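There's a structure below that I have some questions on.
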Amino acid sequence: QQLLEYAEFLLAKHGDENAPSEPLAIARPEEESVVVAIKRLHATYPMLEPAKLLNETCDLMNQHIMKGRSAVEVIDELEMLFRRHYERLAGDRD
């Protein structure tokens, strides 16, 4: 937790000039696990802070693992979650 807080402090202080402002075009494969989808979405949206997505991402992962919700449904919702966070971030920049 302390390491994460320190990283957030450094990011706030120095920013990340190299982070793309637009999502990267990483295609969704036809068959994909939820874990691989989360990794792909983090790579697609490198400008998003993973800590801010953690709770919702974990909730969706648990729905898949513990409640048997299909991977396709969960990945669809993950796509919307990441997009929503990106749009919120992009709106804050305007």
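Not measured: the values here are computed from a predicted model.
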*Once you round to the nearest 0.5 Å, how far does CZ of Phe82 lie from CG of Leu53?*
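Answer rounded to 0.5 Å: 4.5 Å.
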
*Would Met47 and Met80 show up in the same hydrophobic cluster when neighbours are defined by side-chain heavy atoms closer than 4.5 Å?*
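No, Met47 and Met80 fall in different hydrophobic clusters.
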
*Might you point out which heavy atoms bring Arg69 and Glu73 nearest each other, and give the distance in Å?*
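Distance-wise, the nearest heavy atoms are NE-OE1, 3.2 Å.
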
*Evaluate the side-chain contact (heavy atoms from CB on, under 4.5 Å) criterion for residues Leu89 and Glu49: first the C-alpha distance (whole Å), next the side-chain angles of each, then the deciding distance (0.1 Å), finally the verdict.*
CA-CA 10 Å; Leu89 176 68; Glu49 294 180 45; over 6 Å; no

*How long is the span from the CD1 atom in Ile75 to the OG atom in Ser70, to the nearest 0.5 Å?*
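Here the interatomic distance stands at 8.5 Å.
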
*Among Val34, Asp59, Ile65, which residue meets the side chain to side chain contact (heavy atoms under 4.5 Å, CB included) test with Val74?*
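For Val74, the side chain to side chain contact (heavy atoms under 4.5 Å, CB included) test succeeds with only one of Val34, Asp59, Ile65, which is Val34.
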
*Any idea how Tyr45 and Tyr86 line up, ring-wise: parallel (<30°), tilted (30 to 60°), or perpendicular (>60°)?*
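Because their plane-to-plane angle lies in the 30° to 60° range, the rings of Tyr45 and Tyr86 count as tilted.
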
*Given side-chain contact (heavy atoms from CB on, under 4.5 Å), test Thr44 with Arg40 step by step and report yes or no.*
CA-CA 6 Å; Thr44 301; Arg40 174 180 55 81; 4.0 Å; yes

*asked:* I'd like to know whether CD of Glu87 has more than 12 heavy-atom contacts from other residues, nucleotides or ligands below 6.0 angstrom.
replied: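 Yes, the 6.0 Å shell around CD holds more than 12 heavy atoms from other groups.
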
*Nearest heavy-atom neighbours spanning Arg83 and Pro23*: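 Nearest pair, atom of Arg83 first, then Pro23: NH1-CG, 3.8 Å.
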
*asked:* Please report the interatomic distance NZ(Lys67) to CG(Leu60), rounded to the nearest 0.5 Å.
replied: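 These two atoms lie 11.0 Å from each other.
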
*asked:* Counting C-beta onward and ignoring hydrogens, is there a side-chain heavy-atom pair between Met61 and Val35 closer than 4.5 Å?
replied: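 Touching, per the 4.5 Å side-chain cut-off.
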
_Pair Arg84-Glu77, salt bridge (charged side-chain N to carboxylate O under 4.0 Å, His left out): steps then yes or no_ = CA-CA 10 Å; Arg84 198 169 50 246; Glu77 201 160 328; over 6 Å; no

*What distance do His85 atom NE2 and Leu41 atom CG have between them, rounded to the nearest 0.5 Å?*
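Rounded to the nearest 0.5 Å, the NE2-CG separation comes to 12.0 Å.
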
